[in-house]
Amino acid sequence: MKITGVETYWTQTPFDMGGKPKVMAGLNWQTMNTVWLRIRTDAGIDGWGEAFGHGTAAATMTVLETQLAPAVLGQDARDIAGLRHRLGNAFHLYGRNGPHVFALSALDIALWDIAGKDANLPLWRLLGGSPVETLTCYASLLRYGEAAQVGAACKRAAARGYRDVKLHEITIPEVAAARDALGDNARLMVDVNCPWTVWQALDMAGALEEFELTWLEEPVWPPGDHDGLSRVRLEGGIPIAAGENAAGLHDFRAAFETGAQDIAQPSVIKIGGPSAMAEIAALAKAFGVRLVPHNAYFGAGYLASLHVNAALAPDAPFERLFVDLQASPYHELVEAKGGRVAVPTGPGLGRDPDMEVLRRYLVREPTVHTAQQP
């Protein structure tokens with residue numbers, strides 16, 4: 001089954017978060033930036049993938065269009081492992097994380113989508129999972145930076161059926177407002193996106209202890225400071241989660257070996273797709289680390305995350321950004337109802353995007369690469 005075409009799409013979808021967004025991870029969130037990859041084959045089966053976009057969408061698109069697309073045309077779409085190995089070697093000079101790995105993640109997702117369609121099986125089945133109709137999800141709030149807005153958002157989430165909430169706040173008043181709004185029985189997590197030194201993180205972990213956090217996510221800069229994370233984990237008293245910004249399987253191994261985290265949170269569109277997620281899941285199990293995959297996107301990676309969660313971490317809560325999209329090419333599949341999300345049962349990812357909706361939010365016309373006919 002030869003790859004005959006590669007198409008890339010960049011969409012920006014307006015959303016409502018119920019308040020004015022603050023700058024988070026260098027991005028003033030106004031729209032959802034999504035990078036889509038479509039792989040066409042001579043068997044008439046298309047696969048869809050997603051590469052990490054958000055603030056790096058333009059850079060990721062460049063890699064997809066100038067390096068990945070020419071490299072995969074004419075290749076066997078069934079050779080997922082072989083392509084992953086060869087392209088990983090070819091791109092290693094450009095780093096072990098960033099747009100090149102994001103692009104390879106999109107390719108891996110698309111190839112697994114093709115494999116599932118070819119076998120007439122959902123991706124979770126190919127990954128060895130048992131049937132799971134729905135997953136418990138948690139509301140992942142963007143950063144508001146104001147205690148009153150955080151409290152109001154938490155109340156909205158609770159009213160929609162969420163029992164678990166994750167904040168992206170970095171100061172105490174906002175966390176206190178969330179706990180007050182949710183009550184003592186709700187699970188509350190905080191992702192701070194690596195803002196602190198080890199000493200600052202230790203101080204903040206002590207100050208946050210009264211709020212009984214389920215986990216504190218990525219508290220230390222740089223994120224690869226596993227010794228620093230280990231110290232915060234041991235002295236801070238709060239379970240530590242990390243992994244969204246890990247640079248491959250070796251980075252997870254180093255973190256696990258140093259006891260740097262209680263919870264591993266790889267992101268399918270950043271770490272290498274379902275293939276890498278399966279490897280990390282096996283490694284986490286071997287080290288007794290809990291796997292709770294990260295998901296902060298709404299393209300093909302969202303569906304891939306559903307399948308990965310269902311197959312590799314069915315008891316872990318699924319992350320859903322607490323925003324209301326103006327529209328989605330996947331319609332109801334990206335919605336949460338009563339604090340739960342549905343796992344697709346169709347072949348591959350379970351659904352192709354609605355092209356009318358996707359095209360409505362294009363930043364520019366898609367780039368199309370086709371293989372030359374002999």
Side-chain angles (χ1 to χ4, degrees), residues 39 45-50 77-81 83-84 104-138 140 164 241 243-244 246 249 252 256 263-320 330-353:
I39 299 293
I45 303 175
D46 294 353
W48 285 88
E50 180 184 355
R78 296 166 298 187
D79 187 18
I80 299 176
L83 274 171
R84 182 174 177 237
L104 292 174
S105 301
L107 175 65
D108 196 73
I109 293 169
L111 295 180
W112 278 104
D113 187 27
I114 290 170
K117 291 172 179 174
D118 189 41
N120 197 32
L121 292 171
L123 176 54
W124 57 259
R125 180 72 77 181
L126 296 186
L127 294 174
S130 299
V132 179
E133 293 184 359
T134 63
L135 296 169
T136 299
C137 61
Y138 64 88
S140 185
D164 304 329
E244 180 198 353
L249 187 66
F252 279 97
F256 297 165
I263 299 163
Q265 292 196 301
S267 177
V268 72
I269 67 170
K270 295 182 78 173
I271 200 64
S275 296
M277 297 292 282
E279 293 177 344
I280 294 165
L283 190 67
K285 184 176 181 180
F287 278 89
V289 175
R290 188 184 181 200
L291 180 71
V292 183
H294 186 273
N295 175 71
Y297 28 84
F298 288 100
Y302 180 96
L303 298 192
S305 292
L306 285 171
H307 289 276
V308 166
N309 254 75
L312 305 178
D315 297 325
F318 182 82
E319 180 177 18
R320 189 194 183 279
Y330 292 126
H331 300 290
E332 82 287 350
L333 272 184
V334 300
E335 297 298 326
K337 297 180 180 180
R340 301 191 70 83
V341 288
V343 179
T345 58
L349 293 179
R351 183 180 296 179
D352 287 346

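This is a predicted model, so every value here is computed, not measured.
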Of the non-hydrogen atoms in Pro317 and Tyr138, which two are nearest, and what is the gap between them? CB-CD2, 3.7 Å

Taking Cys137's backbone N and O only, do any of them form a donor-acceptor pair with Arg320's side chain (distance below 3.5 Å, no angle check)? no

So, for Ala77 and Leu111, which heavy atoms are closest and what is the spacing to 0.1 Å? O-CD2, 3.6 Å

Please work out which of the three classes, parallel, tilted or perpendicular, describes the rings of Phe287 and Phe256, given edges at 30° and 60°. tilted

For Trp112 and Gly47, indicate whether the former's side chain and the latter's backbone hold a donor-acceptor pair under 3.5 Å. no

Let me confirm one number: the CZ-CG distance from Arg84 to Leu107, rounded to the nearest 0.5 Å. 11.0 Å

Taking it one step at a time, do Met277 and Ile271 satisfy side chain to side chain contact (heavy atoms under 4.5 Å, CB included)? CA-CA 7 Å; Met277 297 292 282; Ile271 200 64; 3.7 Å; yes

Would Leu249 and Ile280 count as a side chain to side chain contact (heavy atoms under 4.5 Å, CB included) if you check the C-alpha gap in whole Å, the side-chain angles of each, and the deciding distance to 0.1 Å? CA-CA 6 Å; Leu249 187 66; Ile280 294 165; 3.8 Å; yes

Can you measure from OG1 (Thr345) to NE2 (His307) and round to the nearest 0.5 angstrom? 8.5 Å

Identify the heavy atoms of Gly49 and Ile109 that sit nearest to each other, and give their distance. CA-CG2, 3.8 Å

Paired with Phe298, the side chain to side chain contact (heavy atoms under 4.5 Å, CB included) test is passed by just one of Val334, Leu333, Leu303, namely Val334

Decide yes or no for Asp113 and Leu123: does some side-chain heavy atom of the first lie under 4.5 Å from some side-chain heavy atom of the second? no

How long is the span from the CG atom in Leu135 to the CG atom in Asp315, to the nearest 0.5 Å? 9.5 Å

Main-chain N/O of Glu319 paired with Asn295 side-chain donor or acceptor, under 3.5 Å: yes

Of all heavy-atom pairs between Leu126 and Ala119, which one has the smallest distance, and what is that distance? CD2-CB, 4.5 Å

Leu306 side, atom CG; Thr134 side, atom OG1 - distance, nearest 0.5 Å: 10.5 Å

Answer yes or no: is there an ion pair linking Glu332 with Arg351, defined by an N-O contact shorter than 4.0 Å? yes

Given side chains that start at C-beta, do those of Lys117 and Asp352 come closer than 4.5 Å, heavy atoms only? yes

What distance separates Ser140 OG from Asp164 CG, expressed to the nearest 0.5 Å? 11.5 Å

Heavy-atom closest pair (Tyr330 atom, Ala300 atom, distance to 0.1 Å) is OH-CA, 3.5 Å

Does some side-chain heavy atom of Trp124 sit less than 4.5 Å from a side-chain heavy atom of Pro131? yes

Taking all non-hydrogen atoms of both residues into account, name the closest pair between Leu312 and Leu127 and its distance. CD2-O, 4.3 Å

When rounded to the nearest 0.5 angstrom, what is the spacing between CG in Asp46 and CD1 in Ile114? 7.0 Å

Taking the side chain as every heavy atom from C-beta outward, state whether Val268 and Pro293 have any atom pair closer than 4.5 Å. no

